[in-house]
Amino acid sequence: MYKILEKQVLSDVTKLMVVEAPHIARNAKAGQFVIVIADAHGERIPLTIADHDPTAGTVTLIFQEVGKSTMQMGGMDVGDSFYSVAGPLGHPTEIEAYGTVVCVAGGVGIAPMYPIARDLRRAGNHVITIMGARNQSLLFWEDKMRAVSDELIVCTDDGSYGRKALVTQPLKELLEARPGGVVKVWAIGPTIMMKFVSQTTQPFNVPTIVSLNTIMIDGTGMCGGCRVAMTDGAKFVCVDGPEFDGHAVDWSNLLSRVAFYRSEEQAAIEHWRDHVCNLEKVPAPG
Ligand code: FAD
Ligand code: FES
Ligand code: MG
């Protein structure tokens with residue numbers, strides 16, 4: 001169970017794995033996630049279900065190697081098995097026929113955005129996708145995104161591919177050019193990106209859904225690790241989310257909470273590098 005059936009390198013730091021998990025594949029919906037434990041001593045890490053195939057009994061996970069656990073998983077190969085994959089967890093994305101919608105995906109957020117854009121289009125929406133990354137080497141799935149979007153805008157922060165812009169720039173231009181035309185926006189990517197997407201849409205009063213990346217432990221609403229402050233009180237991302245109204249999130253509280261364990265995360269990488277593998281250089285997390 002949880003055998004890795006396929007592995008693809010999507011960018012220098014991004015890996016795709018197709019994993020055997022029939023019970024999850026049968027029940028998964030866009031927007032949901034799993035909690036993976038790589039080996040018997042591993043920690044629990046949440047990853048979005050980027051795709052699933054109920055017939056083959058597989059789920060597709062895409063992850064960026066940012067720290068000890070994701071680097072360890074990235075070193076696993078076809079034929080290896082994860083110790084545990086639990087899910088599907090969280091509420092699915094609310095897919096309806098809204099009209100013209102914009103999907104904003106940043107970096108590894110392109111992966112979880114794919115099934116959402118695909119299902120929104122199947123439901124009859126006009127889907128405009130804006131995908132971006134720091135540079136070209138971090139972009140992937142442009143063709144897949146194009147296939148599920150009516151319009152696609154690709155940008156990079158450094159201009160190495162597509163338009164040289166942050167994703168919020170084409171978003172603002174779209175909202176200005178089509179007053180009242182865009183009825184809903186989804187944003188998935190780094191927390192700071194989702195904050196600025198929400199700030200961009202707020203003056204236009206366009207409802208904006210963000211998928212929050214809080215620190216999770218049990219994923220069942222018991223530990224409180226994923227607590228997030230919202231205008232209408234505290235919520236647990238694992239059981240109340242992961243999708244929330246971006247205009248109701250207390251972004252400064254969230255940004256400080258996700259960075260809370262930085263020194264422990266760096267120590268875990270160093271311990272793993274020194275004792276388990278012989279990496280010469282490991283980037284700092286975050
Ligand atoms: P660490 O060095 O331990 O941490 C690096 C950073 O990752 C931390 O600063 C923190 O912000 C975050 N993080 C650390 N531990 C956790 C944890 N237990 N839970 C959540 N975040 C943590 N990443 C992807 O690449 N692809 C995905 O599809 C994806 N989906 C996610 C879905 C949800 C619902 C959430 C909450 C997070 C998702 N993430 C995804 C983020 C992913 O869980 C973290 O990158 C991963 O846990 C980092 O683990 P690490 O040990 O490699 O890095
Ligand atoms: Fe423990 Fe959400 S992860 S309460
Ligand atoms: Mg970790």
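Atoms within a ligand are numbered from 1 in the order they appear, just like the ligands themselves.
- Panel note: side chain D150, backbone V127; a donor-acceptor pair is recorded below 3.5 Å.
- Ligand 2 places these atoms under 4.0 Å from at least one heavy atom of M222: 4 (S).
- No single ILVMFWY cluster, assembled from side-chain heavy atoms under 4.5 Å apart, contains both L16 and I4.
- The backbone N or O of M17 sits nowhere less than 3.5 Å from a side-chain atom of E6 that would complete a donor-acceptor pair.
- Close approach of ligand 1 to N213 (heavy-atom distance below 4.0 Å) involves ligand atoms 35 (C), 36 (C), 37 (C), 38 (C).
- Polar contact check, P112 against ligand 1: no nitrogen or oxygen pair lies under 3.5 Å apart.
- Contact annotation: for V108 versus ligand 1, heavy atoms closer than 4.0 Å belong to the side chain alone.
- L138 is listed as a side-chain neighbour of V13, based on a closest heavy-atom distance under 4.5 Å.
- For a threshold of 3.5 Å applied to N or O pairs, the pair formed by T48 and ligand 1 contains at least one separation below that value.
- Close to ligand 1: R44, with a non-hydrogen atom less than 4.0 angstrom away.
- Looking only at N/O/S atoms, E43 comes nearest to the Mg ion (ligand 3) through OE2.
- Around CD of Q136, the count of heavy atoms belonging to other residues, nucleotides or ligands within 6.0 Å exceeds 12.
- The one candidate from L120, V210, V197 that meets the side-chain contact (heavy atoms from CB on, under 4.5 Å) condition with W186 is L120.
- Here the protein heavy atom with the shortest distance to atom 4 (S) of ligand 2 is G224 N, 3.1 Å.
- One option in I188, V36, T70, D218 has a heavy atom closer to atom 52 (O) of ligand 1 than any other, and that option is T70.
- The residue R227 has no part lying near ligand 2, judged by heavy-atom distances below 4.0 Å.
- Within 6.0 Å of NZ on K195 lie more than 12 heavy atoms contributed by other residues, nucleotides or ligands.
- Annotation for ligand 1: atoms under 4.0 Å from non-hydrogen atoms of V66 are 5 (C), 45 (O), 48 (C), 53 (O).
- Residue contact check: I217 has heavy atoms under 4.0 Å from atoms 3 (S) of ligand 2.
- Atom CE in M194 sits 8.0 Å away from atom CD1 in I188 (nearest 0.5 Å).
- The contact set between ligand 2 and C238, taken as ligand atoms under 4.0 Å from a residue heavy atom, comprises 2 (Fe), 3 (S), 4 (S).
- V9 is listed as a side-chain neighbour of K15, based on a closest heavy-atom distance under 4.5 Å.
- Residue I62 touches ligand 1 through its backbone alone, judged by heavy-atom distances below 4.0 Å.
- Every atom of ligand 2 with a heavy atom of G221 under 4.0 Å away is listed here by number and element: 4 (S).
- With ligand atoms numbered from 1 in the order given, ligand 2 contributes 1 (Fe), 3 (S), 4 (S) to contacts under 4.0 Å with heavy atoms of D218.
- Heavy-atom neighbours of K29 NZ from other residues, nucleotides or ligands within 6.0 Å: at or below the threshold of 12.
- Residue contact check: G219 has heavy atoms under 4.0 Å from atoms 1 (Fe), 3 (S) of ligand 2.
- Ring centroids of F196 and W251 are separated by 6.0 Å or more, keeping the two rings apart.
- Judged by the shortest distance from any of its heavy atoms, E43 lies inside the 4.0 Å radius around the atoms of ligand 1.
- The distance criterion of under 3.5 Å between nitrogen or oxygen atoms is not met by I215 with respect to ligand 1.
- Among the atoms of M216, some N or O lies under 3.5 angstrom from an N or O of ligand 1.
- Not one N, O or S atom of C223 sits under 2.8 Å from atom 2 (Fe) of ligand 2.
- Those atoms of ligand 1 that come under 4.0 Å of a heavy atom in T214, given as number and element, are 19 (N), 20 (C), 21 (N), 36 (C).
- In the hydrophobic cluster analysis, where Ile, Leu, Val, Met, Phe, Trp and Tyr join through side-chain heavy atoms closer than 4.5 angstrom, I153 is grouped together with M193.
- Taking every non-hydrogen atom of F63 and a distance limit under 4.0 Å, the qualifying atoms of ligand 1 come out as 24 (C), 25 (O), 26 (N).
- Shown are P22, S84, S81; of these, the side-chain contact (heavy atoms from CB on, under 4.5 Å) with M1 is made only by P22.
- Residue D240 is tested with R227, K235, H91, M230 for a side-chain contact (heavy atoms from CB on, under 4.5 Å); the sole match is K235.
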